[in-house]
Amino acid sequence: MHSLTLSSPAKLNLVLNVLGKRPDGFHELRTIFERISLADQITLTRTSEDKITIRCAHPLVPRGPKNLVYKAAMMIKKDFSIFEGLDINIIKNIPVAAGLAGGSSNAAAVLMGLNQLWGLALSPSRLVAYAGRLGSDVAFFLYDASFALGTGRGEIIKPLEIQTKLWHVLVTPRVKMLTKDVFGRLKLNLTNKRDDVNILLPFLRKGNLGRLAGALSNDLEPAILSLRPDFIHLKDKLLDAGAMGVCFSGSGPSVFACVQSQKHALSLRAKLDRRYTQSFVVSTL
Ligand code: C5P
């Protein structure tokens, strides 16, 4: 095989509970991931010259060693003593540094793609171990699951057997919000001690949209709003426009609304202010 193209989807966090700070500096999480239909496209091509090149038209995507896809490919290349080159072409549709884990998803796609392209026969558990070394959000994308429970740093994944399909309007303000800055602003004594995962899960399983929308929660919200207090207006605007529930995804700044249907999503998006140029109608994938 010479070349391989993969779809690399984004995620939302329907619940994100921060349980505490760990000795390694990371935070212990309990989160429900949802895989959504907004996706990048990654094409991997074997080349003869022994180097990794990244091509991407998006100005915020690094083309060198800072990119997680570069790190993923380099790790595999070294461990398996592969002396051929790789071209990685990224068509970027997922907003960058936005709480949607686009870069992590790209890295997971590269791990799975290289496993095929270079015939490595890596087991799922070895792929998960590589994912954990790259970042907290990478592992989720290795699982073929619409919904999953994430624990640990977020890298311990339990796929959930849930058939519900959700519709959302997703809005990403055009500001870069770094995950480490948001976690750095978190005041742990202010986070709630409720088990938000187990509150939301039965509503998700039953497809009870009204109750699900009321159970969305993200412990990082106060930290996100401490960096950008004005983002509370975006949540309010989505609710005023008819959203059933609204929540930040991950460390923000993306905000998503739960709505009844694709039709409802399209009409809600049409009502939004023109300044929200990065808005999407998405569904569970
Ligand atoms: O794992 P990842 O590289 O995505 O994490 C980026 C940063 O976010 C970490 O360096 C850390 O500051 C913060 N983080 C955290 N706890 C987590 C995940 C991320 O504190 N569970």
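Quick note: numbers below take in every heavy atom, side chains included, and nothing from hydrogens, waters or symmetry partners. Residues: numbered from 1 along the sequence shown. Counting starts at 1 for both ligands and their atoms, following the listed order.
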Pairing donors with acceptors under 3.5 angstrom, does anything connect the side chains of [X] and [Y]?
{"X": "Arg30", "Y": "Thr151", "value": "no"}
{"X": "Thr47", "Y": "Asp87", "value": "no"}
{"X": "Thr284", "Y": "Arg35", "value": "no"}

_Residues around ligand 1, heavy atom under 4.0 Å from any ligand atom, sorted by chain and number. Can you pull those?_
Gly25, Phe26, His27, Leu29, Gly135, Ser136, Arg153, Thr179, Lys180, Phe183

*Is there a side-chain hydrogen bond (donor to acceptor under 3.5 Å, both in side chains) between Ser136 and Glu155 once you walk through the steps?*
CA-CA 5 Å; Ser136 308; Glu155 90 289 16; 5.9 Å; no

*Donor-acceptor pair, side chain of Asn17 and main chain of Leu19, under 3.5 angstrom*: no

*Between Val15, Leu204, Thr31, which is the residue that forms a side chain to side chain contact (heavy atoms under 4.5 Å, CB included) with Val197?*
Val15

